[in-house]
Student: 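Below are the structure tokens for one structure; questions will follow.
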Amino acid sequence: MHAYRTHTCNQLRAEHKGETVRISGWVHRKRDHGGLLFVDLRDHYGLTQVVINTDNPLFAQFEKLKLENVISVTGEVVLRTPETQNAKLPTGQVEVRLKAYELLSAPVTDMLPLQVNTDEPYGEEVRLKYRFLDLRREVIHRNIVLRSDVVYSMRRRMVEQGFREFQTPILTASSPEGARDFLVPARLHPGKFYALPQAPQQFKQLLMMSGFDRYFQIAPCFRDEDARADRTPGEFYQLDVEMSFVTQDDVFAVMEQVIGGVFEEFSNFTGTKFSVSKPPFVRIPYDESMLKYGNDKPDLRNPLVIVDVTSVFGRDDVEFKAFKGVIAKGGVVRAIRAPKVSDRPRSFFDKLNSWAQGEGAPGLGYVVFEGKQGVEAGSVREAAINAMEAHGVKVDHVKQAERKWLDAKGPIAKFIPAEALQALIELCGVQAGDAVFFACDMVDKAALLAGKARTKIAEEMDIIEKDCFKFCWVVDYPMFEINDKTGKVDFSHNPFSMPQGGLKALETQDPLKIKATQYDCVANGLELCSGGIRNHMPEAMEKAFEIAGYPKGAVQEKFGGMYNAFKLGAPPHGGCAFGIDRIIMMLAKEPNIREVIAFPMNQQAEDLMMSAPSTAEPHQLRDVHIKIDLPKAAVKEQVKAAG
RNA sequence: GCGGGUGUAGCUCAGUUGGUUAGAGCGCUUCCCUGUCACGGAAGAGGCCGAGGGUUCAAGUCCCUUCACUCGCGCCA
């Protein structure tokens, strides 16, 4: 018999009746009846009930075993009587009648800092410090298994699509753009540092220039930035992808198969089947997204859309000064139609108004449209229209005209005369019983507020679709933007993206009008991926950096390897990178990223289990030529700690 | 760096308007219990109420400072 187990704790069934088996695992739970003791033995695979009574000389000893001890149990598989079977357990038809057992771990004598056999929510500090205990608990244990399965599925799907996985350096050079780098002192080069890669961006492009055609990597990425609920400090993983001789459409086609497939495969993980967008995913130009959704990561589960109605409030016959003043300064008015809310109590509108004030807006103006939609039922007009329709006469325009009958109500309705109202009705597609909310400000701020209002209104109305993953690609990002702080032109996203129109566009067009071949993949309002077709032409690269205000020669200096490669035969190429942690969060429906990472750091970027970061020994610092120069507050802290 | 929330038993939490001896569940200890499966029952141990200062006759409760955790902002090409 095997030293530890003949079966796992999820294997035994009625058919094993009478067999002598050995199972190993943790003491999950005890039910002690005095003369009869049940122990649930738990391993990775499941639970099996072990039973022993006072007839057995081992009873007294076995009874004393504490929870979470690791034991092996040898015994006979016994069929439970029908009334004692447990339908909730896969192994619930049988139990193991103990003949012998062995304690395999050092005996657990300390009080457990957290209990494994409950799903009670525990404080993160305890969970992270005793992560190995926490990870034994069912929910997070399953999440980590999901993570493994998802990563495997990604690898399999990528390989099926003809990709190969490559490793790229972890110790590399600091990148001039982007987030703060993690630095590693170079012992052999006093005063110099390696940096951990924020992403393998240049390496994957260089692999394309090395002729490998299709690259992917489950790539660790390191960025020294502060944490969020959906962002770990320090490190995270991407499904990093790059392909040669491709257009944007080729990248989309591959990733829709891979990511769509992964989501479909695991969409039932929580027990609620989620629907997944079918390829091809909707494509939304950046400008359209900013207008219709108020951000560049539209949540398509929300049916509301934003419409520009500046033209309505700019009319001479509209007297609403609050908006007119802003329009005169170059501002815009954005509108959100909320269907069928006219019967909502006043508090519905007041709540949204005070919400907007909390967002820093003067308020959230609105107009409610009431009255009869179209033709009055049972009227002579209706009979006439029906008769015309029955004879094949087109009556749409007649019905359309009836919309004029809608009455406008609400605080700002009186400033909008009938004709302007009609224009508003046309623009927004208003029907009887709808309300229209307004956000008025300069373009960027109005879009932002309208976007938040769109979400808020839909939440209040409870009309956001549930149980689905709605994907889209946001495309045509601007290549450049004005940097708020400096007021100068800067790259708006990735300097490696090919500007649409190439070098010619850079030379002839207004930089702020140039679009990049740059795209994001968005699901349910979360950015899952960013990518682009790369700029592989050295001249275009230099020109782009020149426009962004870099001195001549900056490209050679910052990206020497890449620049050389560009000049020595670079294929057109592009790709993207999906955030793996976030994908798993979505599939597991976990609001916190630490629930899908086995050993995460806390918000202060500390590993409470390993005690990282920690101080270094003087000889270690000497080796790497580092002298510590602490800020005053930290000095005090260390002195205090030292006693 | 800034703002919000939280901090009470090993763990998860309750604790009213400031009022006399700070509670519950789980876990732990001892005992009873031979068909439970979140077993049940009896008794018990366990507290610097995060720390420091203040107000008050009286502070877990109010005020200030500080620390820790957490959420958000900044940051994240």
Side-chain angles (χ1 to χ4, degrees), chain A residues 28-42 47-56 59 63-64 66-68 78 80-89 91-92 95 97 108-130 133-134 137 175-181 198-199 201-202 221-234 236 360 477 479-481 483-485 490-497 516 518 527 530 532 544-545 548 558-559 577 579 591-592 594 602-604 606 608 631 633 636-637 640-641:
Chain A
H28 184 65
R29 193 171 273 135
K30 288 162 66 182
R31 289 176 294 281
D32 193 343
H33 293 244
L36 176 73
L37 168 66
F38 299 102
V39 165
D40 289 335
L41 198 64
R42 181 194 74 238
L47 289 174
T48 299
Q49 175 166 286
V50 175
V51 63
I52 181 173
N53 65 28
T54 39
D55 299 344
N56 191 320
F59 185 89
E63 192 186 25
K64 290 203 176 70
K66 301 219 189 310
L67 298 186
E68 297 307 310
V78 179
R80 300 200 208 176
T81 59
E83 69 276 12
T84 64
Q85 292 188 358
N86 185 349
K88 286 187 233 159
L89 278 185
T91 61
E95 60 197 3
R97 188 163 293 165
V108 176
T109 51
D110 292 349
M111 188 90 81
L112 294 173
L114 59 85
Q115 282 163 249
V116 175
N117 61 17
T118 72
D119 49 12
E120 214 175 328
Y122 282 87
E124 293 242 57
E125 205 172 350
V126 176
R127 293 183 57 200
L128 293 180
K129 183 164 180 191
Y130 298 96
L133 274 181
D134 189 33
R137 300 166 76 214
S175 61
E177 302 288 322
R180 202 177 289 114
D181 284 314
Q198 297 188 21
Q201 180 68 30
Q202 294 186 62
C221 303
F222 304 91
R223 296 178 192 176
D224 188 1
E225 295 297 336
D226 289 345
R228 291 288 181 276
D230 63 350
R231 198 172 77 199
T232 50
F236 61 98
Y477 273 79
M479 185 78 200
F480 302 100
E481 66 186 6
N483 184 316
D484 291 341
K485 286 171 201 152
D490 204 350
F491 288 114
S492 73
H493 280 81
N494 188 329
F496 298 111
S497 291
Q518 162 92 33
E527 179 195 320
S530 197
F545 273 77
K558 289 172 187 294
F559 312 108
N592 191 305
R594 291 187 290 275
N602 68 5
Q603 179 148 33
Q604 276 67 243
E606 297 163 311
L608 298 174
K636 249 188 255 167
E637 191 71 19
K640 217 188 330 173

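This one's a predicted model, so the numbers in the text were calculated from it and none came from an experiment.
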Student: With a 4.5 Å cut-off on side-chain heavy atoms, are Arg127(A) and Arg137(A) touching?
Tutor: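 A side-chain contact exists here, since the closest heavy-atom pair is under 4.5 Å.
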Student: How long is the line joining CZ of Phe59(A) and P of rG35(B), in whole Å?
Tutor: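 Taking atom P of rG35(B) as the reference, CZ of Phe59(A) is at 12 Å.
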Student: So which nucleotide does rU61(B) pair with, by the Watson-Crick or G-U wobble rule with both distances under 3.5 Å?
Tutor: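 Matched rU61(B) with nothing under the 3.5 Å cut-off.
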Student: What interatomic distance, in whole Å, is found between P of rC63(B) and the corresponding atom of rG7(B)?
Tutor: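 Roughly 14 Å separates the two P atoms.
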Student: Could you tell me whether the side chain of Asn53(A) reaches within less than 4.5 Å of the side chain of Arg97(A), counting heavy atoms only?
Tutor: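 Contact flag for Arg97(A)/Asn53(A) side chains = no.
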Student: Given that Ala227(A) and Leu128(A) both sit by RNA chain B, which one's nearest nucleotide is further toward the 5' end?
Tutor: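 Going by which nucleotide is closer to the 5' end, it is Leu128(A).
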Student: Does any nucleotide pair with rG23(B) by Watson-Crick or G-U wobble geometry, both distances under 3.5 Å, and what is it?
Tutor: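 The answer is rC13(B), by the H-bond criterion.
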Student: Looking only at side-chain atoms of Glu225(A), point me to the closest of rU70(B), rC76(B), rG1(B).
Tutor: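 The answer is rC76(B), which lies nearest to the side chain.
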Student: Please give, in whole Å, the distance from rC39(B) C1' to His28(A) NE2?
Tutor: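 My rounded result for the distance is 14 Å.
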Student: Using side-chain heavy atoms (C-beta onward) and a distance below 4.5 Å, is Leu608(A) in contact with Glu124(A)?
Tutor: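 A side-chain contact is absent here, since even the closest heavy-atom pair is not under 4.5 Å.
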Student: Starting from P on rG10(B), measure out to CG on Leu114(A) and report it in whole angstrom.
Tutor: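 These atoms are roughly 14 Å apart.
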Student: Please report the distance, rounded to the nearest Å, between CZ in Arg97(A) and C1' in rU36(B).
Tutor: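 For the pair Arg97(A) CZ and rU36(B) C1', the rounded distance is 14 Å.
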Student: Can you tell me, in whole Å, how much space there is between the C1' of rC33(B) and that of rA43(B)?
Tutor: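 Pairwise C1' distance, rC33(B) against rA43(B), rounds to 15 Å.
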Student: Walk me through it: do Leu36(A) and Phe38(A) pass the test side-chain contact (heavy atoms from CB on, under 4.5 Å)?
Tutor: CA-CA 7 Å; Leu36(A) 176 73; Phe38(A) 299 102; 3.6 Å; yes
Student: Taking only the P atom of each, what is the distance from rU70(B) to rU8(B) in whole angstrom?
Tutor: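 Taking atom P in both rU70(B) and rU8(B), they lie 15 Å apart.
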Student: With a 4.5 Å cut-off on side-chain heavy atoms, are Lys30(A) and Leu67(A) touching?
Tutor: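 Of all side-chain heavy-atom pairs linking Lys30(A) with Leu67(A), at least one is under 4.5 Å.
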Student: With a 4.0 Å cut-off on heavy atoms, is Thr54(A) in touch with a base, just the backbone sugar-phosphate, or nothing at all?
Tutor: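 Touches a base.
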Student: Determine whether Asp181(A) and Gln198(A) satisfy the following criterion, side chain to side chain donor-acceptor pair (under 3.5 Å), listing intermediate values before the conclusion.
Tutor: CA-CA 7 Å; Asp181(A) 284 314; Gln198(A) 297 188 21; 2.7 Å; yes
Student: Looking at Asn53(A), does any N or O in its side chain come under 4.0 Å of the phosphate oxygens OP1/OP2 on rU34(B)?
Tutor: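 No.
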Student: Check the distance between rC76(B)'s P and Asp490(A)'s CG and give it to me in whole angstrom.
Tutor: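 The distance from CG of Asp490(A) to P of rC76(B) comes to 11 Å, rounded to the nearest Å.
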Student: Would you say rC73(B) has OP1 or OP2 under 4.0 Å from some side-chain N or O of Arg231(A)?
Tutor: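 Indeed not, no polar side-chain atom of Arg231(A) lies that close.
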Student: Measure from CZ on Phe491(A) to P on rC76(B) and round the result to the nearest Å.
Tutor: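 Roughly 16 Å, once rounded to whole Å.
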Student: Give none if rG35(B) has no partner; otherwise give the nucleotide forming a Watson-Crick or G-U wobble pair with it, both distances under 3.5 Å.
Tutor: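 Pair assignment: rG35(B) / none.
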Student: Closer than 4.0 Å, any side-chain N/O of Gln603(A) to the OP1 or OP2 of rC71(B)?
Tutor: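 Answer yes for this pair, as a side-chain N or O of Gln603(A) is under 4.0 Å from OP1 or OP2.
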Student: May I have the step-by-step check of side-chain contact (heavy atoms from CB on, under 4.5 Å) for Val116(A) and Glu68(A), ending in yes or no?
Tutor: CA-CA 8 Å; Val116(A) 175; Glu68(A) 297 307 310; 3.3 Å; yes
Student: Can you tell me how far P in rG47(B) sits from the matching atom in rG23(B), rounded to whole Å?
Tutor: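 Straight-line distance between the two P atoms is 14 Å.
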Student: How does each nucleotide of nucleotides 26-32 of chain B score, in 5' to 3' order, for protein heavy atoms under 4.0 Å: base (B), sugar-phosphate only (S), or none (-)?
Tutor: BBSS---
Student: Heavy atoms under 4.0 Å, any strand shown: does Glu95(A) hit a base, just sugar-phosphate, or nothing?
Tutor: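 Answer is base: heavy atoms of Glu95(A) come under 4.0 Å of a base.
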Student: Just checking Pro113(A): base, sugar-phosphate only, or nothing, at a heavy-atom cut-off of under 4.0 Å?
Tutor: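 Here Pro113(A) touches the backbone only, sparing every base.
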Student: Measure the distance from CG on Asp230(A) to P on rC71(B) and round it to the nearest whole Å.
Tutor: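 Interatomic distance, CG of Asp230(A) to P of rC71(B): 10 Å.
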Student: Let me know the distance between CG of Leu89(A) and C1' of rA38(B), rounded to the nearest Å.
Tutor: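 That distance rounds to 12 Å.
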Student: Scan every strand shown for a Watson-Crick or G-U wobble partner of rG3(B), both distances under 3.5 Å, and answer none if you come up empty.
Tutor: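 Pair assignment: rG3(B) / rC71(B).
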Student: Roughly how far apart are Lys129(A) NZ and Leu114(A) CG, rounded to 0.5 Å?
Tutor: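 The NZ atom of Lys129(A) sits 12.0 Å away from the CG atom of Leu114(A).
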Student: What integer number of Å spans the C1' atoms of rA45(B) and rA59(B)?
Tutor: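 Looking at atom C1' only, rA45(B) and rA59(B) are 28 Å apart.
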Student: Just to be sure I understand the rule, does Arg594(A) reach a base, reach only the sugar-phosphate, or reach nothing, if contact means heavy atoms closer than 4.0 Å?
Tutor: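 Answer is sugar-phosphate: Arg594(A) comes under 4.0 Å of backbone atoms only.
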Student: What interatomic distance, in whole Å, is found between P of rC49(B) and the corresponding atom of rG10(B)?
Tutor: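 My reading of the P atoms in rG10(B) and rC49(B) gives 12 Å.
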Student: What about Arg80(A): does its side chain form a donor-acceptor pair under 3.5 Å with the base of rC37(B)?
Tutor: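 Answer is yes: a donor-acceptor pair is held.
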Student: By the 4.0 Å heavy-atom rule, please label Gly123(A) as base, sugar-phosphate, or nothing.
Tutor: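 Sugar-phosphate, no base atom in range.
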Student: Would you mind telling me which of rU36(B), rC39(B), rC69(B) lies closest to the side-chain atoms of Phe38(A)?
Tutor: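 So the nucleotide nearest the side chain must be rU36(B).
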Student: Using a 4.0 Å heavy-atom cut-off across all strands, classify Glu83(A) as base, sugar-phosphate, or nothing.
Tutor: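 It contacts nothing in the nucleic acid.
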Student: Does any donor-acceptor pair link the side chain of Gln85(A) with the base of rG35(B) at a separation under 3.5 Å?
Tutor: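 Per atom types, no contact qualifies.
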Student: Side chain of Asn602(A) only, heavy atoms from C-beta on: which candidate in rU34(B), rU70(B), rU36(B) is closest?
Tutor: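 Comparing rU34(B), rU70(B), rU36(B) against the side chain of Asn602(A), the answer is rU70(B).
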Student: About how many Å separate CG of Asn86(A) and OG1 of Thr91(A), when rounded to the nearest 0.5 Å?
Tutor: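 Spacing of OG1 (Thr91(A)) from CG (Asn86(A)) equals 8.0 Å.
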Student: Give a yes/no on whether any side-chain N or O of Asn592(A) is located under 4.0 angstrom from OP1 or OP2 of rC71(B).
Tutor: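 True: Asn592(A) side-chain N/O within range (under 4.0 Å) of rC71(B) OP1/OP2.
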Student: Look at Arg228(A) and rC73(B) and indicate whether a side-chain polar atom (N or O) is within less than 4.0 Å of OP1 or OP2.
Tutor: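 Checking Arg228(A) against rC73(B): at least one side-chain N or O falls below 4.0 Å of OP1 or OP2.
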Student: Asn494(A) versus Ser530(A): any side-chain heavy-atom pair under 4.5 Å?
Tutor: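 A side-chain contact under 4.5 Å is absent here.
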Student: Between rG1(B), rC37(B), rC71(B), which nucleotide has the shortest distance from any of its atoms to the side chain of Glu124(A)?
Tutor: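 For the Glu124(A) side chain, the nearest candidate turns out to be rC71(B).
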Student: Quick check, does His33(A) stack with rC39(B)? I mean ring centres under 5.5 Å and planes off by under 30°.
Tutor: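 Stacked: centres under 5.5 Å apart, planes under 30°.
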Student: Ignoring backbone atoms, establish whether Arg31(A) has a side-chain N or O less than 4.0 Å from OP1 or OP2 of rU34(B).
Tutor: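 It does not, given that no N or O in the side chain of Arg31(A) lies less than 4.0 Å from OP1 or OP2 of rU34(B).
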Student: Need the pair for rG47(B). Rule: Watson-Crick or G-U wobble, both distances under 3.5 Å, any strand; none if unpaired.
Tutor: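 Checking every strand shown, rG47(B) finds no partner, since no pair has both distances under 3.5 Å.
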Student: When rounded to the nearest Å, what value does the distance between C1' atoms of rG50(B) and rC67(B) take?
Tutor: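 So the two C1' atoms sit 7 Å from each other.
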Student: Using the P atoms only, state how far rU12(B) lies from rG27(B), rounded to an integer number of Å.
Tutor: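 Straight-line distance between the two P atoms is 15 Å.
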Student: When you match Thr84(A) and Leu36(A) each to their closest nucleotide on RNA chain B, which lands nearer the 5' end?
Tutor: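 Nearest-nucleotide comparison on RNA chain B picks Leu36(A).
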Student: Using 0.5 Å steps for rounding, measure from the CG atom of Asn592(A) to the CZ atom of Arg594(A).
Tutor: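 So the CG of Asn592(A) and the CZ of Arg594(A) are separated by 4.0 Å.
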